[in-house]
Amino acid sequence: MKRIDRKSYTKRIIDLLGKNEVIVLTGHRRAGKSCILECLKDLLHNSGNMMYLDMEDPDNASITTYEHLNTWIKGHISNSKHNYILIDEIQEINEFEKTLRYWIKQDGIDIIVTGSNAMMLSSDIASVFAGRYIRIHIHSLNYSEYLQFNSLEVSEDSLLSYLYWGGLPFLSNISPDDIRSKTDYLGSIYDTIFVKDIVTRKQIRNINLVDNLAHFIADNNGKLFSANSIAKYLKGKDNAVSSNTIAEYMDIICATYMIDKVKRYDIKGKRLFEQQDKYYFEDLGLRNYLCRDKRLVDIEKVLENAVYLKLKQEGYDVYVGQLDGKEIDFVARRGDETIYYQVALRISNEETYEREFGNLKLIKDNYPKYVITMDSLSSMINDGGIKVLHAKDFLY
């Protein structure tokens, strides 16, 4: 199977070693966490004693509790070398934190683990590790990595391919022409997330409701809505469900890392709104799989989702901007840096041009402002300091 070192992650992780904190790699299933852990195993192999435990390997099925894990570590630890403890799918070990909390306090030990389920995302993880952890979120391949994995060049065709199939690394092992196998693979990932991370782990009874919610979010990708508005919609379809239940189930879906909730930000008042959020998928292919019965993929929705993912992967906190009743697609903040983005498939239409640029012109501060589009003449436009970037250049 193809494996490429995703250096933006491995370098960052290596730079964080030696701080006596557990490094936790999180993200949805098959986003590439295991591959990154294997690359780290190879990169660090000559630096000390490598202890690698794959919890999906049947040979390790007997390690089910923290006591078993502690025994395994004691049997592999070195007293003369620096020790690296790497564990893939740590959540398969019951109360694993009891063992890891002890070993991370010892000198000469670094611990890196991966996890997929909701527990690895919740705020409880801070108390589980007594604050001694660093969480690194692993995303699906970005456009640049997608090109590398699939040996492609920057072009509108490769961009459209990325927007359609998304960035699950394993897809690069399937022939580009084998649409059925690619679709089946995406379906298998969704089914695994749905069954293992939602239904089984959370003991969901109303299975159809959760599945319908996932499809609803996919179809309304990038639109503002609330649990209350969904409850009203379902009531109109003779399927009465309380808004509290809707909110609970939506949080469960987000906890699988499949979908992100993005809050609205009042640009003038510098505050977050409490109602109506947007939702974006962590992988474009999974989103499109859920909308596969539609005649055409809504590229503009998917492009907006791709811009969101790019900003998240670059370490920005991302919000939906609101200003005097107008919407700014994204407010990206990182430290003292703030950038505003509008996303439009085409800006050649006068009405679209006026909306995208007009909304940005309402912002009176001096932070950078961009319009991201797939219009071929976009690089020639610079309106009042608002820069236009072609999507393939921005995403690359």
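Note that the coordinates shown come from a computational prediction; the quantities given were computed from them, not determined experimentally.
Heavy-atom neighbours of N366 CG from other residues, nucleotides or ligands within 6.0 Å: at or below the threshold of 12. Other residues, nucleotides and ligands contribute over 12 non-hydrogen atoms within 6.0 Å of the CG atom of D191. Surrounding CG of L16 are more than 12 heavy atoms belonging to other residues, nucleotides or ligands, all under 6.0 Å away. Counted within 6.0 Å of NZ on K11, heavy atoms from surrounding residues, nucleotides or ligands total 12 or fewer; the atom is thus considered open. Residue Y396 qualifies as open at atom OH: its count of foreign heavy atoms under 6.0 Å is 12 or below. With a 6.0 Å radius and a threshold of 12 heavy atoms from other residues, nucleotides or ligands, Q275 has its CD atom at or below the threshold. Counting heavy atoms of neighbouring residues, nucleotides and ligands inside a 6.0 Å radius, atom CD of Q203 does not exceed 12 of them. For NZ of K270, the number of neighbouring non-hydrogen atoms (other residues, nucleotides, ligands) closer than 6.0 Å is greater than 12.
Taking the ring centroids of F96 and Y66, they lie at or beyond the 6.0 Å cut-off. Taking the six-membered ring for Trp and the full ring otherwise, the centers of Y257 and H137 sit less than 6.0 Å from each other. Between H76 and W72, a ring centre-to-centre spacing shorter than 6.0 Å is recorded. The six-membered or imidazole ring of F394 lies near that of Y341, with a centre-to-centre distance under 6.0 Å.
Contact check on D317 versus R333 returns no salt bridge, with no Lys/Arg side-chain nitrogen under 4.0 Å from an Asp/Glu carboxylate oxygen. Checked for salt-bridge contact, K278 and E327 meet the test: a charged N lies under 4.0 Å from a carboxylate O. Ion pairing between E145 and R6 holds under the 4.0 Å rule for side-chain N and carboxylate O. A salt bridge does not link K41 to E38: none of the charged nitrogens lies less than 4.0 Å from a carboxylate oxygen. Taking 4.0 Å as the cut-off between side-chain N and carboxylate O, K268 and D324 count as a salt-bridged pair. Using a cutoff of 4.0 Å between basic side-chain nitrogens and carboxylate oxygens, E56 and R30 are scored as salt-bridged. Note on R29 versus D197: salt bridge recorded, some NZ/NE/NH1/NH2 to OD/OE distance being below 4.0 Å. One finds a salt bridge joining K369 and D365 here, because a Lys/Arg side-chain nitrogen approaches an Asp/Glu carboxylate oxygen to under 4.0 Å.
Under the 3.5 Å distance criterion, the side-chain polar atoms of S229 are left unmatched by any main-chain donor or acceptor of F225. A donor-acceptor pair is defined here as one N or O able to donate and one able to accept, closer than 3.5 Å; no such pair exists between the side chain of S181 and the backbone of D178. Side chain of N142 to main chain of K310: no donor-acceptor pair is present (N/O by atom type, distance under 3.5 Å, no hydrogens or angles). A donor-acceptor contact shorter than 3.5 Å links the side chain of N173 to the backbone of F170. With K33 contributing its side chain and H28 its backbone, the two residues share a donor-acceptor pair below 3.5 Å. Between the K301 side chain and the D219 main chain, a donor and an acceptor come within less than 3.5 Å of each other. With hydrogens and angles ignored, the 3.5 Å screen pairs no side-chain donor or acceptor of N94 with any backbone N or O of T64. Side-chain atoms of N305 come within 3.5 Å of backbone atoms of F281 as a donor-acceptor pair (strictly under, hydrogens ignored). Proximity of a side-chain donor or acceptor of R135 to a complementary backbone N or O of L25 within less than 3.5 Å is not detected. Side-chain N or O atoms of T71 include one that pairs as donor or acceptor with a backbone N or O of E67 at under 3.5 Å.
Counting all heavy atoms, side chain and backbone alike, N288 lies closest to L163 at ND2-O, 2.9 Å. Listed here is the closest heavy atom pair of L303 and A344: CD2-O, 4.3 Å. D110 and G18 make their closest contact through OD1-N, 2.8 Å (heavy atoms, listed as atom of the first residue, atom of the second, distance). Scanning both residues, I104 and V22, for their nearest heavy atoms gives CG1-N, 3.7 Å. For C39 against T10, the heavy-atom pair with the smallest separation is CB-CG2, 4.2 Å. I111 and V113 get closest at one heavy-atom pair: CG2-CG1, 3.8 Å.
The hydrophobic cluster containing V318 does not contain F273, counting ILVMFWY residues as joined when their side-chain heavy atoms lie under 4.5 angstrom apart, directly or transitively. Transitive grouping of hydrophobic side chains (ILVMFWY, heavy atoms separated by less than 4.5 Å) brings V154 and L152 into a common cluster. A single hydrophobic cluster is seen to contain both Y143 and L345, as judged by linkage of ILVMFWY side chains at heavy-atom distances under 4.5 Å, directly or through other members. There is a path of hydrophobic side-chain contacts, each under 4.5 Å, that joins Y316 to L389. If you chain together hydrophobic residues whose side chains sit under 4.5 Å apart, I207 and M250 fall into the same group.
Expressed to the nearest 0.5 Å, how far CG of L224 lies from CD of Q322 amounts to 6.0 Å. Going from atom CD of E300 over to atom CD of E304 covers 7.5 Å, rounded to the nearest 0.5 Å. To the nearest 0.5 Å, the span separating CD1 on I136 from OH on Y9 amounts to 9.5 Å. Rounding to the nearest 0.5 Å gives a distance of 11.0 Å between CG of D54 and CG of L86. Rounded to the nearest 0.5 angstrom, N83 CG and D107 CG are separated by 11.5 Å. Considering CD1 of I174 and CD1 of I179, their distance stands at 12.0 Å, rounded to 0.5 Å.
Between V262 and Y308, some side-chain heavy-atom pair lies under the 4.5 Å cut-off. Within the 4.5 Å cutoff, side-chain heavy atoms of M55 are placed close to those of I93. In this structure the side chain of F149 never reaches within 4.5 angstrom of the side chain of L171, judged on heavy atoms. With contacts defined as side-chain heavy-atom distances shorter than 4.5 Å, the pair I267/I328 qualifies. Taking 4.5 Å as the limit, some side-chain heavy atom of F330 sits within range of a side-chain heavy atom of V343. When side chains are defined from C-beta on, I112 counts as touching L40, because their heavy atoms get closer than 4.5 Å. R264 has its side chain out of reach of L272: every pair of non-hydrogen atoms, C-beta onward, lies at least 4.5 Å apart. Residues W165 and K182 have side chains in contact (heavy-atom distance under 4.5 Å, counting atoms from C-beta outward).
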*Can you check side chain to side chain contact (heavy atoms under 4.5 Å, CB included) on T65 and E95, steps first, answer last?*
CA-CA 6 Å; T65 69; E95 297 183 296; over 6 Å; no
*Please report the C-alpha distance between D251 and K261 in whole Å, then the side-chain angles of each, then the deciding distance to 0.1 Å, and finally whether the side chain to side chain contact (heavy atoms under 4.5 Å, CB included) criterion is met.*
CA-CA 9 Å; D251 286 344; K261 178 166 69 174; 3.8 Å; yes
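Judged by distance alone, the side chains of T114 and D88 do bring a donor and an acceptor atom under 3.5 Å apart. A side-chain donor from one of Y146 and S161 sits under 3.5 Å from a side-chain acceptor of the other.
Between F357 and Y353, the ring planes are parallel. Angles under 30° get that label, and only those over 60° would be called perpendicular. Between Y190 and H215, the ring-plane angle classifies as perpendicular under the 30° and 60° cut-offs.
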